[in-house]
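Encoded as structure tokens, the structure appears first; notes follow it.
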2 protein chains.
Amino acid sequence: MEHRLERIKKQLHSQSYKLTPQREATVRVLLENEADHLSAEDVYLLVKEKAPEIGLATVYRTLELLSELKVVDKINFGDGVSRYDLRKEGAEHFHHHLVCTECGAVEEIEEDLLGEVEKIVEKDWKFQVKDHRLTFHGICKVCQEITVKTGTSK
Amino acid sequence: MEHRLERIKKQLHSQSYKLTPQREATVRVLLENEADHLSAEDVYLLVKEKAPEIGLATVYRTLELLSELKVVDKINFGDGVSRYDLRKEGAEHFHHHLVCTECGAVEEIEEDLLGEVEKIVEKDWKFQVKDHRLTFHGICKVCQEITVKTGTSK
DNA sequence: TATTATTTTGTAATGATTATCAATTACAGA
DNA sequence: TCTGTAATTGATAATCATTACAAAATAATA
């Protein structure tokens, strides 16, 4: 935890940004809630518990900054709200998501599914891939079982 | 063109929706501008040329309806505006996009890149895949050449 | 200490999308 | 054809996430 915070601090300093108390509080919230896909509002409310004087605008700016530094990934599930995921240390890429169309659950996949596909894109379209976003939409394991048992489907 | 319009009309009727003049005008605009990734506002302005009395809300409602019927895909490039792509006839899935981080150009890929990957997801995560969204971010062919020639990179 | 740049805060502004509601239209049945 | 009902539309107000702004606070520099 402290270790990752240290890393992020260095990363900020290397671009002559400061790790202000507000920024630190925001990063800590992200580190403590890594499993969730927090919106800016979510982060704001959580940070406020520890640092009540922080403003919403600052949270937005901090998340934007962390996004530019590739510390977090800004993602979009199409519900009109951006969400922010801390990128795993050393991870080059965004991770993937399985979004259940029945219950809305979101599962993450860390595996590198697209190594081969990227090579194809680079070769066939002469497109130099820097990153990608991959989301699957479908029915999660839990909802499949419910459907089988009750015979219902939305 | 007329053929595809006919198809869409049937699809609407089969769910007891009507193909009103406003809806027809909207679909025609989509058919005539298939290459672009139009926002609701774009569509509105184009429809207005032919049917000046149409309201913005109607365009939004129509696009939402077409999206539910999977006639169009509602996509999001992270710029705060939803865009609407007509789905190719008979296409099961969304197509993919190559978004250039230098110039913002968006290229489409129709190829099925994820057939194998989907099988892996279904098998390893017991997730029943219905659709997917795949976007690559990177540097397009044109911008690569500019970078080589001028030695600049943003 | 004086100066300058960075950051923060609270709030106003923006802009896309959605909700509301009265008016219009389409259509099934008498 | 007339009538009643449901679907649809258009204008506009409301909503909500995000961004812009200006003044105050903070930190860095000389």
Side-chain angles (χ1 to χ4, degrees), chain A residues 8-9 11-29 36-69 71-85, chain B residues 8-29 37-69 71-85:
Chain A
I8 293 167
K9 186 173 179 179
Q11 209 169 340
L12 282 166
H13 284 164
S14 74
Q15 315 247 348
S16 63
Y17 292 115
K18 300 161 197 168
L19 183 65
T20 62
Q22 291 91 336
R23 286 177 181 166
E24 178 170 335
T26 303
V27 171
R28 281 186 186 280
V29 162
D36 304 322
H37 299 91
L38 303 176
S39 67
E41 184 81 23
D42 294 336
V43 175
Y44 173 62
L45 293 175
L46 287 167
V47 175
K48 244 177 138 45
E49 292 176 8
K50 299 290 179 60
E53 74 291 354
I54 200 169
L56 178 58
T58 301
V59 171
Y60 269 103
R61 273 186 304 250
T62 302
L63 290 172
E64 194 58 36
L65 178 60
L66 294 174
S67 180
E68 279 165 25
L69 295 177
V71 170
V72 304
D73 286 309
K74 185 176 179 177
I75 58 182
N76 193 303
F77 292 138
D79 58 353
V81 193
S82 292
R83 292 166 192 285
Y84 301 85
D85 277 15
Chain B
I8 293 167
K9 186 173 178 177
K10 276 180 191 161
Q11 209 167 340
L12 282 167
H13 283 164
S14 74
Q15 315 247 348
S16 60
Y17 292 115
K18 299 161 195 168
L19 183 63
T20 62
Q22 291 90 336
R23 286 177 181 166
E24 177 169 338
T26 303
V27 172
R28 281 187 186 280
V29 162
H37 299 91
L38 302 176
S39 67
E41 183 81 25
D42 294 336
V43 175
Y44 173 61
L45 293 175
L46 286 167
V47 174
K48 243 178 138 47
E49 291 175 10
K50 299 290 179 60
E53 75 291 354
I54 200 169
L56 177 58
T58 301
V59 171
Y60 268 103
R61 275 185 301 242
T62 302
L63 290 172
E64 194 56 37
L65 178 59
L66 293 174
S67 180
E68 278 164 27
L69 295 177
V71 171
V72 305
D73 286 308
K74 186 176 179 178
I75 58 181
N76 193 304
F77 293 138
D79 59 352
V81 192
S82 291
R83 292 166 191 286
Y84 300 84
D85 277 15

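Chain letters run A, B, ... following the sequence lines, proteins first and then strands; every chain starts at 1.
Counting all heavy atoms, side chain and backbone alike, A:Val59 lies closest to A:Ala40 at CG1-O, 3.8 Å. A:His13 and A:Leu19 get closest at one heavy-atom pair: NE2-N, 4.1 Å.
No hydrogens or angles considered: nothing links the side chains of A:Thr26 and A:Arg23 as a donor-acceptor pair under 3.5 Å.
Taking atom CZ of residue B:Arg23 and atom C1' of nucleotide D:dT8, one finds them 7 Å apart after rounding to whole Å. Taking atom OH of B:Tyr60 as the reference point, atom P of C:dG15 lies 13 Å away to the nearest angstrom. The distance from atom CG of B:Leu56 to atom C1' of D:dT8 is 16 Å, rounded to the nearest whole Å. Counting to the nearest Å, the P atom of C:dA26 and the NZ atom of B:Lys9 are 13 Å from each other. Between the C1' atom of D:dA11 and the NZ atom of B:Lys48 lies a distance of 11 Å, rounded to the nearest Å. A:His13 places its NE2 atom 13 Å from the C1' atom of C:dT7, with the value rounded to the nearest Å. One atom, CG of B:Leu63, and another, P of C:dT18, lie 10 Å apart when rounded to the nearest Å. For B:Ile54 and C:dT25, the CD1 to P distance is 15 Å, given to the nearest whole Å.
A:Glu53 comes within 4.0 angstrom of the backbone, heavy atoms only, and of no base. Using a 4.0 Å heavy-atom distance criterion, B:Ser82 is classed as a sugar-phosphate-only contact.
For the pair B:Gly80 and B:Ala57, nearest-nucleotide mapping onto DNA chain C gives the more 5' position to B:Gly80. Toward the 5′ end of DNA chain C lies the nearest nucleotide of B:Lys74, the other residue of the pair B:Pro21 and B:Lys74 mapping further downstream.
A salt bridge links A:Glu64 with A:Lys74: the closest approach of a Lys/Arg side-chain nitrogen to an acidic carboxylate oxygen falls below 4.0 angstrom.
The side chain of B:Thr20 lies closest to D:dT8 when the candidates are D:dT8, C:dT17, C:dA19. Closest to the side chain of B:Tyr17, from the set D:dA17, C:dT8, D:dT8, is D:dT8. Considering only the side chain of B:Gln22, D:dT9 comes nearest among D:dT9, D:dT19, C:dT17. In the set C:dA26, D:dA11, D:dA17, D:dA17 carries the atom at the smallest distance from any side-chain atom of A:Val81. When distances run from any side-chain atom of B:Lys18 to the nucleotides D:dT8, C:dT8, C:dT6, the shortest one goes to D:dT8.
Note: A:Thr58 OG1 to A:Leu65 CG = 12.0 Å, rounded to the nearest 0.5 Å.
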